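Data first, discussion second: the structure below is written as structure tokens.
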2 protein chains.
Amino acid sequence: MAGAGRTRDTGTLGKLMTLLDMVALSDDAMRFTDILARSDQPRGTLHRQLTHLVEEGLLETDREGRYLTGIRLLHLASHSWARNQFRNLAEPHLRRLQEQTGETVHLGVLRGAEVIYLDKVEGRQSVRMYSQIGNASPAYCTGVGKAALSTLDDLSLQRLVDTLDFHPFTEHTHLSAASLLADIAATRLRGHTFDHEEHERGICCVAAPIRSADHDVLAGVSVTGPAYRLTAERLEECAPLVRAAAAAITVDLRARLGPRG
Amino acid sequence: MAGAGRTRDTGTLGKLMTLLDMVALSDDAMRFTDILARSDQPRGTLHRQLTHLVEEGLLETDREGRYLTGIRLLHLASHSWARNQFRNLAEPHLRRLQEQTGETVHLGVLRGAEVIYLDKVEGRQSVRMYSQIGNASPAYCTGVGKAALSTLDDLSLQRLVDTLDFHPFTEHTHLSAASLLADIAATRLRGHTFDHEEHERGICCVAAPIRSADHDVLAGVSVTGPAYRLTAERLEECAPLVRAAAAAITVDLRARLGPRG
DNA sequence: TCTCAAAGTTCCATTATCTGGAACTGAATT
DNA sequence: AATTCAGTTCCAGATAATGGAACTTTGAGA
């Protein structure tokens with residue numbers, strides 16, 4: 001994806017993180033040779049690097065010697081997630097919004113040109129949160145992303161948009177800066193934005209922006225669901241609720257962070 | 001805690017991970033000086049190390065320059081968690097067990113002398129899983145831990161027990177190897193084990209072991225709840241259900257992993 | 001069972017990176 | 001204006017990473 005500004009590969013840590021990414025984000029355990037083929041390190045070097053990652057618990061090996069993600073990552077991440085101020089403060093509002101609408105509610109923050117999902121509250125049927133938490137999606141084709149983008153000033157927005165290359169995830173995905181910017185202009189006027197199957201076919205959402213007083217947090221809340229249930233009318237009905245939730249979170253955020261900032 | 005064999009601090013990665021641990025596991029954002037005081041690195045060195053961690057997205061700084069956990073950890077961890085074979089395969093069984101008992105269900109794996117919680121299914125009221133996922137607890141005073149220990153052969157068990165030092169978390173915590181070993185012997189006979197407020201006052205559980213054909217996975221499932229609700233009789237009622245769930249997971253595990261292993 | 005090729009591991013002189021003391025900047029306090 | 005404290009930068013020296021090559025193990029085929 002564009003924009004996100006990949007970290008450099010130089011420096012001991014950089015190289016190790018590149019490896020860690022490769023293994024952790026792969027869908028399967030990787031054998032030494034698989035990793036060797038996809039990295040440009042000599043065998044000896046690669047082997048030692050992997051050994052170090054395993055020693056630190058960031059990777060593990062199964063009994064066939066294949067590498068997979070270690071449990072230490074889970075430990076570190078879950079602790080910091082549970083302590084995340086912004087998420088904690090937003091959570092009751094997300095929960096209320098979920099109860100009001102009966103649909104899935106997402107909280108996402110903007111990082112460069114991507115949105116990262118910080119929390120998710122689903123209805124009673126499925127408790128399978130986590131699945132999407134931590135995931136990154138392009139901002140330009142998601143409700144939460146577009147909402148967050150709408151809080152940027154024109155200059156920052158233009159600079160960010162310039163770095164995008166538009167990928168047609170569905171037939172409704174924005175494919176040009178002009179089209180995206182028009183959408184964002186409308187979003188600013190309304191205070192909320194829609195995603196009519198722009199990222200995933202069959203999935204719609206309505207989202208509203210959250211921004212702290214000093215622009216330190218750029219985020220969005222959304223109500224998401226299947227297109228057959230979240231019709232245009234239904235989305236319009238939800239819009240005020242989503243805006244209210246976003247506003248409430250913004251107020252809490254300023255109350256909590258404002259005095260100090 | 002004993003046993004877990006903390007990783008060495010030598011080597012570039014080791015030092016950085018020690019830092020990352022300190023910041024990620026702290027309850028608040030830490031200022032440079034706080035970190036300096038709690039590490040034995042010279043100022044210049046520490047500063048560069050933190051800079052590297054920030055460059056890689058493992059840490060972030062807030063606008064006051066304090067360090068907190070970066071979002072990249074969440075990204076890496078959530079991906080690997082969602083893809084974790086064992087967790088995925090166990091999940092439907094955990095969910096069923098939760099429905100059958102109405103209590104919180106845990107899945108934990110043994111790592112050295114500690115249990116790490118891989119999944120948690122709670123009743124309708126609270127969707128606040130995640131809070132405990134990834135957390136480590138001593139094996140000798142938790143239901144899941146003792147269940148997992150009961151699958152070890154005598155030699156391995158003895159060696160592991162030898163490394164323990166017993167900490168009295170409550171008045172019911174095992175305080176000697178003999179007492180623990182007796183409990184585990186009983187667990188082997190019954191096929192399940194209890195935790196009567198051994199780790200946390202007011203919390204009881206009943207747990208059963210999971211072990212794959214080739215001993216690669218040592219784990220346990222438990223049903224956990226407040227002592228006033230989970231009385232001795234109630235725990236006995238749950239025991240067969242917990243054993244059944246553990247057995248079902250074990251079967252699935254062998255079916256999935258057996259052919260290859 | 002033996003042989004060969006591929007996969008994985010270890011070694012060590014070389015080299016790049018990290019180290020850490022000290023000097024520097026900038027902001028807050030007196 | 002002077003002083004203190006927090007944070008940052010610098011560079012010669014110490015340390016750890018590198019990578020080519022040799023070595024061991026595994027497994028497939030004859």
Side-chain angles (χ1 to χ4, degrees), chain A residues 6-24 26 28-70 214 216 257 259-261, chain B residues 6-24 26 28-70 214-216 257-261:
Chain A
R6 269 299 290 119
T7 50
R8 76 222 158 98
D9 266 18
T10 55
T12 308
L13 181 61
K15 291 173 204 158
L16 290 174
M17 288 305 296
T18 302
L19 270 184
L20 185 57
D21 259 344
M22 187 193 302
V23 177
S26 120
D28 274 309
M30 297 180 79
R31 287 177 319 158
F32 179 78
T33 314
D34 300 335
I35 303 175
L36 181 60
R38 289 178 45 186
S39 88
D40 45 6
Q41 308 280 356
R43 283 219 302 288
T45 302
L46 179 65
H47 188 265
R48 183 180 30 71
Q49 289 171 334
L50 288 170
T51 303
H52 284 167
L53 287 169
V54 169
E55 275 172 1
E56 289 299 331
L58 296 172
L59 292 180
E60 293 173 7
T61 53
D62 63 17
R63 71 185 155 294
E64 290 161 57
R66 292 175 311 187
Y67 293 87
L68 32 83
T69 317
D214 43 27
D216 205 44
L257 302 180
R260 218 201 288 108
Chain B
R6 268 298 291 118
T7 51
R8 77 228 153 94
D9 266 18
T10 55
T12 309
L13 181 61
K15 290 172 203 157
L16 290 174
M17 289 304 296
T18 302
L19 269 185
L20 185 58
D21 260 344
M22 187 194 301
V23 177
S26 119
D28 273 309
M30 296 180 80
R31 288 177 317 159
F32 179 79
T33 313
D34 301 334
I35 303 175
L36 181 61
R38 289 179 44 187
S39 88
D40 45 6
Q41 307 280 359
R43 283 217 304 286
T45 301
L46 180 64
H47 188 264
R48 184 180 28 72
Q49 289 171 334
L50 288 170
T51 304
H52 284 167
L53 288 170
V54 170
E55 276 172 1
E56 289 299 330
L58 296 171
L59 292 180
E60 293 174 7
T61 52
D62 64 17
R63 71 185 155 295
E64 289 162 57
R66 293 176 310 187
Y67 293 87
L68 33 83
T69 317
D214 44 27
H215 302 211
D216 204 44
L257 302 180
R260 217 203 287 110

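Note that the structure is a prediction, hence the values are computed from the model and not measured. Residue numbers begin at 1 in each chain, while the letters A, B, ... track the order of the sequences.
Dashed line: the shortest gap from a side-chain N or O of A:H47 to OP1 or OP2 of C:dG8 is not under 4.0 Å. Considering only side-chain N and O atoms, B:R31 lies nowhere under 4.0 angstrom from the phosphate OP1 or OP2 of D:dA6. Applying the 4.0 Å criterion to OP1 and OP2 of D:dG7, one finds that B:T33 has a side-chain N or O inside that range. Remark: B:Q41 is not in phosphate contact with C:dC18, judged by side-chain N or O atoms under 4.0 Å from OP1 or OP2.
Here B:M30 contributes atom CE and B:L50 contributes atom CG; the two are 9.5 Å apart, rounded to the nearest 0.5 Å. Atom NE2 of residue A:H52 and atom NE2 of residue A:H47 lie 11.0 Å apart, to the nearest 0.5 angstrom. Expressed to the nearest 0.5 Å, how far CG of B:L13 lies from CE of A:M17 amounts to 9.5 Å.
When distances are taken from the side chain of B:F32 to each of D:dA17, D:dG7, C:dT19, the shortest belongs to D:dG7. Minimum atom distance to the side chain of B:T12 is reached by C:dC18, of the listed C:dC18, C:dT9, D:dT8.
Regarding A:L36, its CG atom lies at a distance of 12 Å from the P atom of D:dG19, rounded to whole Å. When rounded to the nearest whole Å, the span between CD of A:Q49 and P of D:dA16 equals 16 Å. Look at CD on B:E55: it is 13 Å from P on C:dT17, rounded to the nearest Å. For the pair B:K15 NZ and C:dT17 P, the interatomic distance rounds to 16 Å; values are reported in whole Å. Residue A:L50 contributes atom CG, which lies 14 Å from atom C1' of D:dA17 at whole-angstrom precision. Taking atom NE2 of residue B:H52 and atom C1' of nucleotide D:dA17, one finds them 14 Å apart after rounding to whole Å. Rounded to an integer number of Å, the gap from CG of A:D40 to C1' of D:dT18 is 13 Å. In this structure, B:M30 places its CE atom 14 Å from P of D:dA6, rounding to the nearest Å.
By the 4.5 Å heavy-atom criterion applied to side chains, A:M22 and A:I35 are counted as neighbours. Within the 4.5 Å cutoff, no side-chain heavy atoms of A:L19 are placed close to those of A:L59.
Residue B:T45 is classed as a base contact, given a heavy-atom separation below 4.0 Å to a base.
In terms of position on DNA chain C, the residue among A:D34 and B:R48 whose nearest nucleotide sits closer to the 5' end is A:D34.
The base of D:dG7 lies close enough to the side chain of B:R43 for a donor and an acceptor atom to sit less than 3.5 Å apart.
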